[in-house]
Amino acid sequence: MRLSLMMFGLALLLAGCGSVIDADQARLCRAAAVALHDDDTEITETQLAPLRSDPAALRYSYRTRSALGSAPHELLCHFAAQTGAGRFDLVALVADGRPLGEVKLYILKRWWLEDNRSEVGGRPLLRVGPQGAYWLQQALGGIVMMGVYGLIASGFALVHGLFGRINLAFGEIAVAGGVYMLVAFSLAGALGRIDPAGLTAALLAGVAGAALLSWVIGRIVIVPIIARARSPQPVLIATLAVAIVLTELFRLTSTGRENWLPALFNRPIYLAGEAGFIATVTPAQLLAAGLTLSGISLLLGLIRFTGYGRAWRAHADDPLMAAMVGVHVPRLVAATFALAGGCAGLAGVAMVVAYGTITPGDGLSMTLKALISAIIGGIGSVPGALLGAVLVAGVEIVWSSAFDIAYRDVVIYSLLVAVLILRPGGLLQRAAPSPREF
């Protein structure tokens with residue numbers, strides 16, 4: 001448990017270590033430095049960091065090497081704004097303490113920066129063949145989706161373990177977590193400088209908001225229905241209605257366009273490959289993967305080693321006996337709904353960090369894939385949900401990489417049918433009549 005907490009804390013600190021730098025502004029600043037020197041000059045970057053006195057400025061330090069020798073340089077790039085369309089507008093350049101004139105700046109922007117939009121490729125850390133680099137790239141892209149499916153599937157498992165019911169609104173709760181994060185990040189940008197603390201606060205706001213939303217849905221919708229109906233169908237119908245309401249609410253309250261997270265931590269890291277193909281990853285993808293994997297580790301530790309986990313397992317095994325031996329059932333139910341919502345919210349936050357945005361239509365797809373993961377692993381088992389997520393994400397990656405992507409979902413649903421026929425209890429047989437154990 002202590003290790004899980006350390007991993008989760010480290011993942012959150014990834015958002016706070018170093019400086020928060022807009023990747024598009026960094027690209028423009030690097031391109032401007034290239035334009036100020038001769039073509040045969042070799043430029044080696046030494047530092048790129050925000051300017052403390054100006055939130056919308058970057059300090060770019062580098063060394064040049066040419067026939068005339070080597071020398072250090074510093075370039076200050078001032079932009080019109082830190083967020084929005086103004087973040088692309090370079091309004092001033094100060095090269096080695098001397099401001100660039102307006103005419104030279106106009107020529108630089110008009111005939112150099114607009115023609116140099118792409119960032120120059122780097123040297124890979126490892127040299128492997130194009131085929132190996134291609135599969136490495138696919139695997140790196142699938143880690144985030146595996147974590148997203150696993151977190152939402154864990155929410156299904158937590159609720160089903162207590163009540164034997166399925167909450168079909170978890171995908172929309174994940175979308176809510178991503179939306180709350182975007183709103184919190186926008187507020188942080190409006191109130192002042194976007195810094196690591198603001199990004200971390202936005203991450204926490206997304207998770208906390210989703211946890212609160214899940215608790216409200218459980219308290220107002222699911223628990224009263226369970227108390228009045230023995231059949232599982234009313235909960236399915238009610239939570240489906242909640243999912244539709246949330247989807248339409250997010251769609252109607254949007255501004256008519258997608259809200260995007262600024263391009264933070266998006267400079268590619270060249271991992272492996274050669275001239276034909278180089279596998280890359282961005283710090284944003286690493287942060288998203290770290291958040292999901294750390295959240296999964298924390299959840300497993302929470303279920304295995306804490307009093308809450310013991311109470312949850314006892315109630316899942318025998319609700320009446322758990323209440324008789326002192327488990328506070330209302331508190332356990334409230335904590336379970338909040339924890340399940342927090343898992344879904346963390347999945348939505350990871351989607352925003354990795355891909356820049358999240359839309360209301362993403363909820364249904366995440367719900368179905370996560371539910372398939374939970375059923376394949378064994379509904380009601382948290383480790384089974386995670387195992388199912390690994391399998392579903394792995395099949396998606398392999399099929400999308402080697403075969404026609406149009407048939408990907410057909411293969412996933414066929415896999416679900418095969419598991420239900422051959423192993424109805426899932427991979428861990430948690431749907432069997434035996435007690436649901438961890």
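It should be emphasised that the depicted structure is a prediction, and the values quoted were computed from it without experimental measurement.
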Worksheet entry | Atom pair CD/CG of Gln25 and Leu48 - distance to nearest 0.5 Å | 10.0 Å
Practice prompt. Working to the nearest 0.5 Å, report the span between CG of Asn167 and OG1 of Thr239.
Written response: 5.0 Å
Discussion item. Within the structure provided, determine whether Leu386 and Ser154 are in side-chain contact (heavy-atom separation under 4.5 Å).
Written reply: yes
Practice prompt. First locate atom CE of Met181, then atom CG of Leu346, and finally report the distance between them rounded to the nearest 0.5 Å.
Written response: 10.5 Å
Discussion item. Distance check, rounded to the nearest 0.5 Å: Leu320 atom CG versus His315 atom NE2?
Written reply: 9.5 Å
Worksheet item: Is the backbone N or O of Ala289 less than 3.5 Å from a side-chain atom of Thr292, with the two atoms forming a donor-acceptor pair by type?
Response: yes
Worksheet item: Counting distance only, does the side-chain N/O of Ser214 pair as donor-acceptor with the main-chain N or O of Ala210 below 3.5 Å?
Response: no
Fill in: Evaluation steps, side chain to side chain contact (heavy atoms under 4.5 Å, CB included), between Tyr355 and Val144
CA-CA 10 Å; Tyr355 306 115; Val144 175; 4.1 Å; yes
Discussion item. I want to check something: taking the side chain as every heavy atom from C-beta on, are Ile296 and Leu300 in contact at a cut-off of under 4.5 Å?
Written reply: yes
Worksheet item: Do Arg30 and Val34 touch side chain to side chain, with heavy atoms closer than 4.5 Å?
Response: no
Worksheet entry | Any side-chain heavy-atom pair of Ile173 and Phe170 under 4.5 Å | yes
Item to complete: Return yes when atom OH of Tyr407 has more than 12 non-hydrogen atoms of other residues, nucleotides or ligands closer than 6.0 Å, and no otherwise.
Response: no
Worksheet entry | SB check Arg63 Glu42 (cutoff 4.0 Å) | no
Worksheet entry | N/O donor-acceptor pair under 3.5 Å between Gln285 side chain and Thr282 backbone | yes
Discussion item. Looking at every heavy atom in both Ser373 and Val392, which two are closest together, and how far apart are they?
Written reply: OG-CG2, 3.5 Å
Worksheet entry | Donor-acceptor pair, side chain of Gln137 and main chain of Thr280, under 3.5 angstrom | yes
Discussion item. Set out, in order, the CA-CA distance, both residues' side-chain angles and the distance that settles side chain to side chain contact (heavy atoms under 4.5 Å, CB included) for Val207 and Tyr180, then state yes or no.
Written reply: CA-CA 8 Å; Val207 175; Tyr180 295 154; over 6 Å; no
Worksheet, complete the sentence: To the nearest 0.5 Å, atom CD1 of Ile397 lies from atom CZ of Arg408 at 10.5 Å
Worksheet item: Would Tyr149 and Glu396 satisfy side chain to side chain contact (heavy atoms under 4.5 Å, CB included), going step by step from the backbone distance to the final call?
Response: CA-CA 12 Å; Tyr149 295 160; Glu396 279 195 344; 3.2 Å; yes
Worksheet item: Has the side chain of Asp362 got a donor or acceptor atom that lies under 3.5 Å from a matching backbone atom of Thr359?
Response: yes
Worksheet entry | Non-hydrogen atoms of Gly388 and Ile376 that approach each other most closely | CA-CG2, 4.5 Å
Practice prompt. Indicate yes or no: at least one non-hydrogen side-chain atom of Leu415 is less than 4.5 angstrom from one of Ile372.
Written response: no
Practice prompt. Mind running side chain to side chain contact (heavy atoms under 4.5 Å, CB included) on Leu339 and Tyr308 for me, showing each step along the way?
Written response: CA-CA 11 Å; Leu339 180 60; Tyr308 165 79; 3.6 Å; yes
Fill in: Phe337 side chain reached by Val159 side chain, heavy atoms, under 4.5 Å
yes
Discussion item. Return the CG to CD distance between Leu249 and Glu172, rounded to the nearest 0.5 Å.
Written reply: 11.5 Å
Practice prompt. With the side chain counted from C-beta on, respond yes when Met351 and Met145 share a heavy-atom pair under 4.5 Å apart, and no when they do not.
Written response: yes
Discussion item. For a quick test of reading the model, state the closest non-hydrogen atom pair linking Val242 to Ala169 and the distance between them.
Written reply: CG1-CB, 4.1 Å
Worksheet entry | Closest non-hydrogen atom pair between Ala174 and Ile358, with its separation | O-CD1, 4.1 Å
Worksheet item: Would you say Arg165's side chain and Ile222's backbone share a donor-acceptor pair under 3.5 angstrom?
Response: no
Item to complete: Spell out, as yes or no, whether a donor-acceptor pair under 3.5 Å connects the side chain of Trp312 to the backbone of Leu158.
Response: yes
Worksheet entry | Nearest heavy-atom neighbours spanning Leu90 and His78 | CD1-O, 3.4 Å
Fill in: Note, Tyr60 side chain near Glu45 side chain (heavy atom, < 4.5 Å)
yes
Worksheet entry | Considering all heavy atoms, the nearest Ala238-Ile225 contact | CB-CD1, 3.3 Å
